[in-house]
Q: 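Sharing a structure with you now.
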Amino acid sequence: MNKIKLFLIIIFFFNFNNQVFGNFIEIKIKIGDDIVTNLDIENETRYLFFLNPKLQELEKSKVQNIAKESLITDIIKKKELEKYFDFSKNRKIIDIVEKNLLLKKNIRNKENFIKILKNLDLDYEIIKQKFFIEALWNQLVYEKYSANVIINKNDLKKRIQEQIDKEKKKFSYNLSEIFFEDSLDESLNNKISKINESIENVGFENTASIFSSANTSNKGGLIGWVNELQISKKIIKEIHKLNINEISKPIKLQKGYILIKLNDKKEVKQKINLDEQLKKLINNETNRQLNSFSNIFYKRLKKNIEINEY
């Protein structure tokens, strides 16, 4: 076979493959040197459905936008983490995050988890990598900002003791949240109006996935069960006004506003250990402040990286 014929055959197969596979694999986003394809978005969508099945009620375009933002977030965080961590180490962190997810999803063991993911056409190794990135990100945020967390233990202890003395019955609440930050680009009334309209149209959980900047957003805003002694005074005051499935008015916090949905409640009958409740309250408050620092840190990184959508 002469060189001209060989060259023509190579060109033919190259063009043929592009025509055949071009409909299946397309670059949708470029973040610095990293790319996101339509297949990445489809995989991320399935993952988000696993975390929050109610997302399937949304229009396809809205779900894709959520999936895109989720992938952009992972890539930006990974780029920053590579400056601080050796990814071949610190693998034990994954086990902790994985165990927490198994508990939240009521999955008995890792083997069942892998089977469930396989049935959903999800790759266990990819999901594990996502856990790893998020865990390392939380570690980095803690290392960078923990010194900036302000906790007054005496005030918290006093508040818990007052609640113990004041109320004869104690309750635990199953809660969901939508947290949104103060913005110079949009008025508060306009933001609240958009969120309320979205809640009416697609429900609280899907609205949390669209609008919330809390780390619970990819789970539909679900916080889960929390003892009332672990909730701030300002928020518990509003929760006491709610019936099950009702949503609070926007509650002003230091860095923005939060809407709380009361999913369920139950009476707590066991004897209350003040020191144990104090420890949990300190942990909750620390996480809340670190989440705010995390959002600020991430937004700064995102602002300084080139992102192109196609």
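Every value quoted in this text rests on a predicted model; they were computed, and no experiment measured them. Heads up: numbering here begins at 1 and tracks the sequence.
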Q: Strictly distance-based, threshold 3.5 Å: is any side-chain N or O of D264 a donor or acceptor partner for the main-chain N or O of N174?
A: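 Absent.
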Q: Could you go through the side-chain hydrogen bond (donor to acceptor under 3.5 Å, both in side chains) check for Q139 and E143 one step at a time?
A: CA-CA 6 Å; Q139 183 176 327; E143 290 173 0; 3.2 Å; yes
Q: Looking at side-chain heavy atoms only, is the closest gap between I305 and I307 below 4.5 Å?
A: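 They are in side-chain contact.
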Q: When you measure from the side chain of T216 to the backbone of I223, do you find a donor-acceptor pair of N or O atoms at a distance under 3.5 Å?
A: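 No.
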Q: Is there a path of hydrophobic side-chain contacts, each under 4.5 Å between heavy atoms of I, L, V, M, F, W or Y residues, that connects L120 with I41?
A: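 L120 and I41: one cluster.
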Q: Check the pair Y142, N138 against side chain to side chain contact (heavy atoms under 4.5 Å, CB included), reporting the backbone distance first and the verdict last.
A: CA-CA 6 Å; Y142 181 83; N138 291 339; over 6 Å; no
Q: Side chains of L48 and V63: closer than 4.5 Å at any heavy-atom pair?
A: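 When only atoms from C-beta onward are counted, V63 and L48 do not touch, as no gap falls below 4.5 Å.
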Q: Evaluate the side-chain proximity of N283 to N287: yes if any heavy-atom separation is below 4.5 Å, no if none is.
A: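 Yes, their side chains come closer than 4.5 Å.
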Q: Under 3.5 Å, is there a donor on one side chain and an acceptor on the other for Q289 and E285?
A: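 A pair is found: one side chain offers a donor N or O, the other an acceptor, under 3.5 Å apart.
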Q: I'd like a table of donor-acceptor pairs (distance under 3.5 Å, sequence neighbours excluded) in which one partner is a side-chain atom from residues 195-207, with atom names and distances.
A:
{"from": "N196", "atom 1": "ND2", "to": "I192", "atom 2": "O", "distance (Å)": "3.4"}
{"from": "S198", "atom 1": "OG", "to": "T207", "atom 2": "OG1", "distance (Å)": "2.8"}
{"from": "N201", "atom 1": "ND2", "to": "E197", "atom 2": "O", "distance (Å)": "3.2"}
{"from": "E205", "atom 1": "OE2", "to": "K261", "atom 2": "NZ", "distance (Å)": "3.2"}
{"from": "N206", "atom 1": "OD1", "to": "L55", "atom 2": "N", "distance (Å)": "3.1"}
{"from": "N206", "atom 1": "ND2", "to": "K54", "atom 2": "O", "distance (Å)": "2.9"}
{"from": "N206", "atom 1": "ND2", "to": "V202", "atom 2": "O", "distance (Å)": "3.1"}
{"from": "T207", "atom 1": "OG1", "to": "S198", "atom 2": "O", "distance (Å)": "3.3"}
{"from": "T207", "atom 1": "OG1", "to": "I199", "atom 2": "N", "distance (Å)": "3.2"}
{"from": "T207", "atom 1": "OG1", "to": "G203", "atom 2": "O", "distance (Å)": "2.7"}

Q: Got F50 and I116 here, is their nearest side-chain heavy-atom distance under 4.5 Å?
A: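 Answer yes - side chains close enough.
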Q: Roughly how far apart are T286 OG1 and L281 CG, rounded to 0.5 Å?
A: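 Answer rounded to 0.5 Å: 9.0 Å.
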Q: Could you state whether I236 and L253 fall into the same hydrophobic cluster, counting links through intermediate Ile, Leu, Val, Met, Phe, Trp or Tyr residues with side-chain heavy atoms under 4.5 angstrom apart?
A: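 Same cluster: I236 reaches L253 through Ile, Leu, Val, Met, Phe, Trp or Tyr contacts under 4.5 Å.
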Q: Answer yes or no: are there more than 12 heavy-atom neighbours, outside K279 itself, under 6.0 Å from its atom NZ?
A: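 It does not: K279 NZ has 12 such atoms or fewer within range.
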Q: Kindly say whether I66 contributes a backbone atom to a donor-acceptor pair with the side chain of S70 at under 3.5 angstrom?
A: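 Between the backbone of I66 and the side chain of S70 there is no qualifying donor-acceptor contact (under 3.5 Å).
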Q: Using 30° and 60° as the class limits, which term best fits the ring planes of F113 and F131: parallel, tilted or perpendicular?
A: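 The arrangement is parallel - the two ring planes meet at less than 30°.
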Q: How many angstroms lie between atom OG of S146 and atom CD1 of I151, to the nearest 0.5 angstrom?
A: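 Rounded to the nearest 0.5 Å, the OG-CD1 separation comes to 11.5 Å.
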Q: Count I, L, V, M, F, W, Y as connected when their side-chain heavy atoms are under 4.5 Å apart, and connections chain through other members. Are I35 and L39 then in the same cluster?
A: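 As far as the 4.5 Å side-chain criterion goes, L39 and I35 are not connected within one cluster.
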Q: Side chain to side chain contact (heavy atoms under 4.5 Å, CB included) for Y173 and H240? Distances and angles first, verdict last.
A: CA-CA 10 Å; Y173 299 96; H240 283 161; 3.3 Å; yes
Q: Does the side chain of K157 come within less than 4.5 Å of L278's, by heavy atoms?
A: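 With C-beta onward as the side chain, the pair touches.
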Q: Rounded to the nearest 0.5 Å, how far apart are CD1 of I25 and CG of N38?
A: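 Interatomic distance, I25 CD1 to N38 CG, rounded to 0.5 Å: 7.5 Å.
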Q: May I have the step-by-step check of side chain to side chain contact (heavy atoms under 4.5 Å, CB included) for E69 and I72, ending in yes or no?
A: CA-CA 5 Å; E69 282 302 316; I72 290 170; 4.1 Å; yes
Q: Between atom CD of E267 and atom CD of E228, what is the distance when rounded to the nearest 0.5 Å?
A: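 Those atoms lie 10.0 Å apart.
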Q: What distance separates I27 CD1 from I29 CD1, expressed to the nearest 0.5 Å?
A: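 Between atom CD1 of I27 and atom CD1 of I29 there are 11.0 Å.
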Q: May I have the step-by-step check of salt bridge (Lys or Arg N to Asp or Glu O under 4.0 Å) for E82 and K78, ending in yes or no?
A: CA-CA 6 Å; E82 286 171 343; K78 186 172 184 290; 2.7 Å; yes
Q: Quick one: do the S209 and N52 side chains pair a donor with an acceptor below 3.5 Å?
A: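 Their side chains do contain a donor-acceptor pair, which is all the 3.5 Å distance test asks for.
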Q: Would K194 and F211 count as a cation-pi pair here, with the cationic atom under 6.0 angstrom from the ring centre and within 45° of the axis?
A: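 Negative - K194 is either too far from the ring of F211 or too far off its axis.
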Q: Grouping I, L, V, M, F, W and Y whenever their side-chain heavy atoms are under 4.5 Å apart, do F85 and L301 come out in a common cluster?
A: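 Both belong to a single hydrophobic cluster.
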Q: Mark yes or no for whether E181, through its side chain, and G256, through its backbone, hold a donor-acceptor pair below 3.5 Å.
A: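 Pair absent, no side-chain N/O of E181 close to backbone of G256.
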Q: Within the structure provided, determine whether E80 and F297 are in side-chain contact (heavy-atom separation under 4.5 Å).
A: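 The answer is yes; the side chains approach within 4.5 Å.
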Q: Tell me yes or no: between the side chains of T37 and D40, is some donor less than 3.5 Å from an acceptor?
A: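 Short answer, yes.
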Q: Could you walk me through whether K28 and E42 pass the salt bridge (Lys or Arg N to Asp or Glu O under 4.0 Å) check?
A: CA-CA 12 Å; K28 292 295 186 181; E42 288 175 15; over 6 Å; no
Q: What I want to find out is whether E306 reaches K30 closely enough, with some N-O distance under 4.0 Å, to be called a salt bridge.
A: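 Salt bridge: no.
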Q: Between V268 and W225, is there shared hydrophobic-cluster membership here, with clusters defined by ILVMFWY side-chain heavy atoms closer than 4.5 Å?
A: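 Different hydrophobic clusters.
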Q: What closest approach, in Å, do L122 and N43 show between heavy atoms, and which atom pair accounts for it?
A: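 Taking L122 first and N43 second, the nearest heavy atoms are CD2-O, 3.6 Å.
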Q: Is the backbone N or O of F293 less than 3.5 Å from a side-chain atom of K144, with the two atoms forming a donor-acceptor pair by type?
A: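 Not a single qualifying donor-acceptor pair exists.
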Q: Report the C-alpha distance between K280 and E276 in whole Å, list the side-chain angles of each, state the deciding distance to 0.1 Å, and finish with yes or no for salt bridge (Lys or Arg N to Asp or Glu O under 4.0 Å).
A: CA-CA 6 Å; K280 289 179 180 178; E276 183 181 321; 3.4 Å; yes
Q: With a 4.5 Å heavy-atom cut-off, do Q277 and N227 have their side chains touching?
A: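 With C-beta onward as the side chain, the pair touches.
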Q: Please give me the minimum heavy-atom distance between A208 and E177, naming the atom from each residue.
A: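 Looking at all heavy atoms of both residues, the shortest contact is CB-O, 3.8 Å.
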Q: Is it the case that atom CG in D33 sees more than 12 heavy atoms from other parts of the structure closer than 6.0 Å?
A: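 No, not enclosed.
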Q: Which atom names give the shortest non-hydrogen contact between K234 and K252, and what distance separates them?
A: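 Closest approach of K234 to K252: NZ-O, 2.9 Å.
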Q: Got a sec: does the NZ of K241 have more than 12 other heavy atoms crowding it under 6.0 Å?
A: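 It does: K241 NZ has more than 12 such atoms within range.
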Q: Closest heavy-atom contact between N263 and L175?
A: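 Shortest heavy-atom contact: ND2-C, 3.3 Å.
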Q: Could you give the distance from OH (Y47) to CG (D121), rounded to the nearest 0.5 Å?
A: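 Reported to 0.5 Å precision, the distance equals 15.5 Å.
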Q: Is the shortest heavy-atom distance from the side chain of K68 to the side chain of V36 under 4.5 Å?
A: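 No, every pair of side-chain atoms sits at 4.5 Å or beyond.
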Q: Closest heavy-atom contact between L242 and L262?
A: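 Distance-wise, the nearest heavy atoms are O-CD2, 3.6 Å.
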Q: After noting the C-alpha distance and the side-chain angles of L188 and F180, does the key distance pass the side chain to side chain contact (heavy atoms under 4.5 Å, CB included) rule?
A: CA-CA 10 Å; L188 175 62; F180 59 96; 3.8 Å; yes
